[in-house]
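Computed over heavy atoms, backbone and side chain alike; hydrogens, waters and symmetry mates excluded. Since this is a predicted model, take the numbers as computed values, not measurements.
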Amino acid sequence: MISITLPDGSIEEYARGVTAGEITIDIEGRKHDCVAADVDGIEVDFSTILTSDCTLIPISAFTDEGIHILRHSAAHLLAQAVVELYPDAKPTIGPAVDRGFYYDFANLDGFSESDLKPVQKKMHEIARKNHQVERVECTEDELSQMFASNPYKMEIINDKLEDGAGSTIYRQGEFFDLCLGPHVPTTAKLMHVRLTSVSSAFWRGDQSNEQLTRIYGLVEPSKHALKETMAAIEEAKKRDHRKLGKDLQLFHVDEDVGPGLILWTPRGAVIRTCLQNFISEHLTRQGYHQVFTPHIGKLDLYRKSGHFPYYQDSQYPPLVEKDMMIKLADEGCTCGELANLMEAGDIEGYMLKPMNCPHHIKIYSSQARSYRDLPLRLAEFGTVYRWEQSGEISGLTRVRGFTQDDAHLFVTEDQIADEVLGCIELVEVIFKALGMSDFRVRVGLRDPDSSKYVGESAKWDLAEEACRKAADSLGINWSEEAGEAAFYGPKIDFIVKDVIGREWQLGTVQVDYNLPERFDLQYKGNDGEMHRPVMIHRAPFGSMERFCGVLIEHFAGKFPTWLAPTQVHILTISEKQVDYGNKVYSRLKSVGIRAEIDDGDDTIGKKIRTHRKFQPAYMLIIGDDEVESETVSIRARNGDQSAGVSLEKFISELLREIDEKCALPSLVQPTE
RNA sequence: GCCACCAUGGCUUAGCGGUAUAGCACCUCAUUGGUAAUGAGGAGGUCGCGAGUUCAAUUCUCGCUGGUGGCUCCA
């Protein structure tokens, strides 16, 4: 007999050789929703035979661990269905991911979304057969035999297995796959699957490797859960900033202008302007100086900074001077030769700036600096251009031209810690003001095994410590990631998720020893000697475009009053109130409130419906009663109403709400 | 850049080898209406661009442009 400690702390005696699944049934009953068990902290299959005392906790499919196992098993089910329908297809890898699972196949060229239905049907069919999912220990020789016809599996066997060590496969019906497990006990647990999309991927994520067909899917423990997940995805799509951007007329991207180049339309420009003003207030408070610099600079500048040619692939082509262009053309210069001449520095030209730092550096070095000037904080809403790959461009979050709320701080080494802290605080203030709490913080440190970093190791230690301290001061969880540092110094990134679950880096603070070196920046210390400053790059929003994109989704288009493109829409009930309506309109405009008036001849119900589309914080309904009493009837965005409010009271409260940057419209108390 | 898919008036969309639907928006008229669509009428599209097949292409084929989902990369 062996003693099993159960989740409730009790200890039960079982015959040696009892399985994890049998104990689970004892604990949870026959109709349990568990998929595996945790035995002494290790996830195991139900078929696992227990031979010694242990602690056992069944893993429910409704837990994070459980759904992960479910997803992984669903990936196997997918592979089984695909090879049954497409015998030539070769399964490669198929892991569980954040929101579901995928499986990559070789020899499945031309597979399209319309092919998903039959595969999904096949998956249901197999699931219904209730195949036992069986774990089988195999020697390396056996594995080599079984997977001989699949070079991808063979590569894994050869690379991942230690010589001579075997591994396990999981078998369900005819199908088997190389896998460590654990898995669900039977395919019947996988009834609630839905295949979602097809895309391509490269073997082992390397673009030089063979291209594979990737199929994505969802799986849930119950029909209800699947339905909820599908509904949540639909809901998320409605918040997509690309859709809302169009509906709310916030921005436009025009084919004739170019992909990834944002045209801010008036309503969207309001949001951006408000955010920039918000930042500007803090810049003044924190002792920054705002500067303006041009959109282009000489090629040589970027040769010196290292942006050219290192990042040539992600830049717009340089602008070559006209006379030089004509001369080269006369000489029959090829594009390849031109590129070489540029790289070698034999040709001068200009470049759209990929970063603002070189220009700010030139402002620093335009004067002799002393330690008394430091820290020197130069800020600019600087627009930069980067040649993102065509397939990467998307909405506002990945663009080719964007404006950074950029700043460069030139500091002494002693000042790094304080200044990084100041930058972090700014990011924190902004995120708080906007109610963005769902973000993670990553401190990017150097990879100790890599030689790509510049600067002395002792300085790095100091800078990394400063970043850690600053992150600590946030009082929230942050993670350290080795190898995520910029080549010139460590950094702190603020990463948020969009509605589809994709992560975007927004705010960033970076410590830089490299550029001051490259540009030979100096200041005179109080010791009379020349010293080299350190630079801190920081952008609390990151890019105005990306930040606004995420913000649109964060608020689902319902912006707080201080950011709302239009704050108040005035709707008259009939033409009898047009004069008073316009008086209200003028009054609101005169105190700087963004207002619109609809004095057309639609019914009031229709007007509300029409204007709701633009999500103003408030609508004011103007009828005979309001005209008579010089009041307004307020309708908040959520439908709450408050009639008979004096116009001046409304205005003063609205101005307070705007001034305090309230997260939600608060002028109308919910009716009881 | 790669794979798959998509492109029809401002928006959402039907359709098909014989130059095209409908709704919303827009304009006109009637209506003067109290908190999520008043009624009637009208105008608006060389069906993304370029070639090819065909008597005939929005529809089929190829190329291009742009978009979507991923992969890759992001100083």
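Residue-level contact check: A/Gln510 touches the backbone only, with heavy atoms under 4.0 Å from sugar-phosphate atoms and none from bases. Contact annotation for A/Leu212: no contact, since no heavy-atom pair falls under 4.0 Å across all strands. Across all strands, A/Ser197 comes closer than 4.0 Å only to sugar-phosphate atoms, never to a base (heavy-atom distances). Using a 4.0 Å heavy-atom criterion, one finds that A/Gly205 contacts the sugar-phosphate atoms exclusively. If you check every strand for non-hydrogen atoms under 4.0 Å, A/Asp624 touches a base.
For A/Tyr216, the listed nucleotide lying nearest its side chain is B/C71; candidates were B/C11, B/A75, B/C71. Nearest nucleotide to the side chain of A/Ser394, out of B/C74, B/A75, B/U68: B/U68. Among B/U35, B/G33, B/G1, the nucleotide with an atom closest to any side-chain atom of A/Ser574 is B/G33. Taking the side chain of A/Glu626 as heavy atoms from C-beta on, and the options B/C74, B/U12, B/G34, the nearest nucleotide is B/G34. Closest contact between the side chain of A/Arg398 and the listed nucleotides B/U32, B/G34, B/C74 involves B/C74.
Under the salt bridge (charged side-chain N to carboxylate O under 4.0 Å, His left out) criterion, the residue pairs touching residues 536-549 of chain A are A/Arg272-A/Glu545, with sequence neighbours excluded.
Using a 4.0 Å cut-off between charged side-chain N and carboxylate O, A/Arg303 and A/Asp300 make a salt bridge. Salt-bridge annotation for A/Asp247 and A/Lys613: absent, with no side-chain N of the basic residue lying under 4.0 Å from a carboxylate O of the acidic one.
Residues A/Tyr103 and A/Tyr216 place their aromatic rings such that the two centres sit no closer than 6.0 Å. Between A/Trp264 and A/Phe251, the ring center distance fails the sub-6.0 Å criterion.
In this structure, A/His611 and A/His569 have perpendicular ring planes: the angle between them is above 60°, well past the 30° mark. The aromatic rings of A/His307 and A/Tyr302 lie tilted to each other, with the angle between the two planes from 30° to 60°.
B/U59 sits 11 Å from B/A20 when the C1' atoms are compared, rounded to a whole Å. The same atom, P, is picked in B/C24 and in B/C5; the two are 35 Å apart, to the nearest Å. For the C1' atoms, the distance linking B/U21 with B/A37 amounts to 22 Å, nearest Å. Comparing the same atom, P, in B/U46 and in B/C62 gives a spacing of 26 Å after rounding to whole Å. B/G17 and B/C60 have their C1' atoms separated by 8 Å, with the value rounded to a whole Å. Nucleotides B/A43 and B/G23 are separated by 14 Å at their P atoms, to the nearest Å. One P atom belongs to B/C73, the other to B/G10, and the distance between them is 40 Å to the nearest Å. When the P atom is compared between B/U65 and B/G50, the two are found 15 Å apart, to the nearest whole Å.
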Polar atom pairs (N or O), protein with nucleotides 37-45 of chain B, under 3.5 Å:
from, atom 1, to, atom 2, distance (Å)
B/A37, N7, A/Arg609, NE, 3.0
B/A37, N7, A/Arg609, NH1, 3.1
B/A37, N7, A/Arg609, NH2, 3.0
B/A37, N6, A/Arg609, NH2, 2.4
B/U38, OP1, A/Thr603, OG1, 3.3
B/U38, OP2, A/Thr603, OG1, 2.6

Dump every N/O contact between nucleotides 63-65 of chain B and the protein below 3.5 Å, one line per pair.
from, atom 1, to, atom 2, distance (Å)
B/U65, O2', A/Glu255, OE2, 2.9

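For A/Ser394 and A/Arg242, the side-chain atoms include at least one donor-acceptor pair closer than 3.5 Å. Side chains of A/Thr265 and A/Gln249: no donor on one and acceptor on the other come within 3.5 Å. In this structure, a donor-acceptor pair under 3.5 Å is present between the side chains of A/Thr383 and A/Thr403.
The cationic group of A/Arg71 does not satisfy the cation-pi geometry with A/Phe101, failing either the under 6.0 Å distance to the six-membered ring centre or the 45° limit from the ring axis.
For B/A25, the base has no donor-acceptor partner in the side chain of A/Thr610 [N/O atoms by modelled type, under 3.5 angstrom]. In terms of polar N and O atoms assigned as donor or acceptor, the side chain of A/Gln249 never comes within less than 3.5 Å of the base of B/G10 in a complementary pairing. In this model, a side-chain donor or acceptor of A/Ser200 finds a partner on the base of B/G70 within 3.5 Å. For B/C3, the base has no donor-acceptor partner in the side chain of A/Arg214 [N/O atoms by modelled type, under 3.5 angstrom].
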Take A/Lys607 and A/Thr572 through the side-chain hydrogen bond (donor to acceptor under 3.5 Å, both in side chains) test and state the conclusion after the steps. CA-CA 9 Å; A/Lys607 285 183 183 179; A/Thr572 56; 3.2 Å; yes
Side chain to side chain contact (heavy atoms under 4.5 Å, CB included), that's the test. Do A/Arg386 and A/Met355 meet it? Break it down for me. CA-CA 9 Å; A/Arg386 300 177 187 179; A/Met355 287 194 116; 3.6 Å; yes
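In this entry the distance linking CD1 of A/Ile215 with P of B/A4 reads 14 Å, nearest Å.
Nearer to the 5' terminus of RNA chain B, by closest-nucleotide assignment, is the contact made by A/Glu575 (compared with the other of A/Pro354 and A/Glu575). Both A/Ser314 and A/Arg400 lie close to RNA chain B; mapped to their nearest nucleotides by heavy-atom distance, the more 5′-ward contact belongs to A/Arg400.
Residues from residues 109-122 of chain A placing a heavy atom under 4.0 Å of any atom in RNA chain B, listed by number, are A/Phe111, A/Ser112, A/Glu113.
Between A/Arg242 and the phosphate of B/U68, there is a side-chain N or O to OP1/OP2 separation shorter than 4.0 Å. OP1 or OP2 of B/G1 sits under 4.0 Å from a side-chain N or O of A/Ser390.
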Given the rule that a pair is Watson-Crick or G-U wobble with both distances under 3.5 Å, how would you write RNA chain B in dot-bracket, using | for pairs to a different strand? (((((((..(((.....[...))).(((((.......))))).....(((((..]....))))))))))))....
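Each of A/Pro616, A/Pro665, A/Ser666 was compared with A/Thr561 under the side chain to side chain contact (heavy atoms under 4.5 Å, CB included) criterion, and only A/Pro665 meets it.
Qualifying salt bridge (Lys or Arg N to Asp or Glu O under 4.0 Å) partners for A/Glu235, counting only residues two or more places apart in sequence or in other chains: A/Lys238.
No donor-acceptor pair closer than 3.5 Å links the side chain of A/Lys90 to the backbone N or O of A/Tyr152.
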